Amino acid sequence: MNNSDLPLILKFLRGSRGMTQEQLAGRLSVSTSLIAKFETGRLAPMPDTAPRLDEALESGDLIQKLAARARKEGAPDWFQQWPDIEREAASLRWHEPNFVPGLLQTEAYARAVLRAGLLSDDEAEKQLALRLERAAAVFHRERPPVCTFTVDELTLMRGPADLMKDQLEHLADLSTQQLIFVHVVPRSAGLYVGQTGPLILASLPGGGDVAFLEDQAEGRVISDPDRVAGLVRAWDAIRSVALPRDMSRDLITRMANEL
């Protein structure tokens, strides 16, 4: 079965149950236009919506499986490999100088970031679905990886107050989890190597590291040992100027309370 059949299957299942788009939307408490986008292939159901579609349409887990594949296919070609690496990694080290790291973003913050670029609304929603699914695949698997994040303090000040308050509270909450370490690079750090751009390192179960770098044009997976070793050194330099975990959480909480 081809993933492009998902819109036709959705429409067939709905019709076989004698439901209109409006009735199905009502069952799911979503808009009729969202159901229409699913049935025309403009959007794939997100991880929280696909199970409810399966329940309403009595289709087992068919919609969930097809939707997951469709969301993955919606990712840019250069990004296809990285979500699989994230799902298998024993540990992740992630630095972001300009945004909250993607796996730590609230849905509202992620949507705002994606729509701030050059994506259409539909493209942004497809990327949002993939981003939320990546977070669930990393944090909710049976044996989650050790995840260490560094983020610039100025990044946590960038955005509307209501949006950032929820994001900061989410960040502080995540940082209390056993295997999630969030470190803030304070403004007092001055110039540091992490300002040159984002960096992600994944340690694989069999040993060895790979890296992911992204710029305005595209992203790329780096596996050459010498290049990865240089990026590990950069990570160590970034981590050295970041605040400890508890101090970072206190700073994040204080910033949230001030909004």
Side-chain angles (χ1 to χ4, degrees), residues 79 82-83 85-106 109-110 113 131 134-135 137-139 141 143-159 164 167-215 219-256:
F79 192 69
W82 187 253
I85 293 174
E86 284 181 334
R87 281 191 288 270
E88 297 298 325
S91 70
L92 290 169
R93 288 165 284 175
W94 187 326
H95 172 67
E96 277 286 352
N98 300 311
F99 301 101
V100 172
L103 297 184
L104 305 179
Q105 294 176 2
T106 64
Y109 180 92
V113 168
R131 188 164 298 185
R134 285 170 55 207
V138 170
F139 296 138
R141 73 193 205 201
R143 297 187 64 181
V146 176
C147 295
T148 306
F149 301 90
T150 56
V151 59
D152 197 290
E153 179 183 356
L154 293 176
T155 292
L156 305 181
M157 304 170 64
R158 191 175 295 122
M164 293 311 300
Q167 176 61 70
L168 290 171
E169 290 174 346
H170 180 64
L171 202 57
D173 180 63
L174 285 174
S175 73
T176 65
Q177 297 187 23
Q178 185 178 9
L179 299 180
I180 299 178
F181 300 85
V182 179
H183 301 274
V184 178
V185 178
R187 285 175 286 178
S188 60
L191 298 174
Y192 68 102
V193 67
Q195 290 172 300
T196 58
L199 163 65
I200 312 176
L201 293 163
S203 296
L204 304 178
D209 294 334
V210 294
F212 184 77
L213 300 178
E214 186 175 357
D215 56 29
R220 55 205 177 276
V221 175
I222 308 294
S223 57
D224 176 75
D226 290 337
R227 296 181 67 192
V228 172
L231 294 170
V232 170
R233 289 194 294 271
W235 163 264
D236 289 340
I238 295 167
R239 178 65 188 86
S240 72
V241 298
L243 297 173
R245 184 190 199 188
D246 290 346
M247 291 181 65
S248 295
R249 186 186 305 118
D250 290 344
L251 174 59
I252 293 168
T253 301
R254 185 166 65 252
M255 294 174 71

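Just so it is clear, the model here is predicted, and its values are computed rather than measured.
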Among pairs that include at least one residue of residues 201-212, which meet salt bridge (charged side-chain N to carboxylate O under 4.0 Å, His left out), considering only residues two or more places apart or in two chains? Arg93-Asp209

Would a 4.5 Å heavy-atom cut-off, applied to side chains only, mark [X] and [Y] as touching?
| X | Y | value |
| --- | --- | --- |
| Phe149 | Pro101 | yes |
| Leu213 | Leu231 | yes |
| Ile85 | Leu204 | yes |
| Trp94 | Glu86 | yes |
| Phe212 | Ile222 | no |
| Ser91 | Thr148 | no |
| Glu169 | Met164 | no |
| Asp152 | Tyr192 | yes |

Over 12 non-hydrogen atoms of neighbours within 6.0 angstrom of CD in Gln195: yes

Above 12 or not: heavy atoms from other molecules or residues under 6.0 Å from CZ of Arg141? yes

Please round to the nearest 0.5 Å and tell me the distance separating atom [atom1] of [X] and atom [atom2] of [Y].
| X | Y | atom1 | atom2 | value |
| --- | --- | --- | --- | --- |
| Thr150 | Leu243 | OG1 | CG | 11.5 Å |
| Ile238 | Arg233 | CD1 | CZ | 13.0 Å |
| Leu154 | Asn98 | CG | CG | 10.0 Å |

Please report the shortest heavy-atom distance between [X] and [Y], naming the atom on each side.
| X | Y | value |
| --- | --- | --- |
| Arg131 | Ala110 | CD-CB, 4.1 Å |
| Leu179 | Pro144 | CD1-O, 3.6 Å |
| Ala211 | Val228 | N-CG2, 4.4 Å |
| Pro186 | Val184 | CD-O, 3.3 Å |
| Gln105 | Val100 | NE2-O, 2.7 Å |

Any sub-3.5 Å donor-acceptor pair from [X]'s side-chain atoms to [Y]'s backbone N or O?
| X | Y | value |
| --- | --- | --- |
| Thr196 | Val193 | yes |
| Glu153 | Arg187 | yes |
| His95 | Leu199 | no |
| Thr155 | Pro97 | yes |

Check the side chains of His183 and Arg239 for a donor-acceptor pair under 3.5 angstrom, ignoring hydrogens and angles. yes

State, without any angle test, whether Thr106 and His170 hold a side-chain donor-acceptor pair at a distance under 3.5 Å. no

Test side chain to side chain contact (heavy atoms under 4.5 Å, CB included), reference Ile252, set Leu174, Val151, Val182, output is Val182

Show your reasoning for whether side chain to side chain contact (heavy atoms under 4.5 Å, CB included) applies to Ile180 and Phe139. CA-CA 9 Å; Ile180 299 178; Phe139 296 138; 3.7 Å; yes

Among pairs that include at least one residue of residues 171-180, which meet side-chain hydrogen bond (donor to acceptor under 3.5 Å, both in side chains), considering only residues two or more places apart or in two chains? Ser175-Arg249

Yes or no on side chain to side chain contact (heavy atoms under 4.5 Å, CB included) for Leu168 and Tyr109, after CA distance, side-chain angles and deciding distance? CA-CA 10 Å; Leu168 290 171; Tyr109 180 92; over 6 Å; no

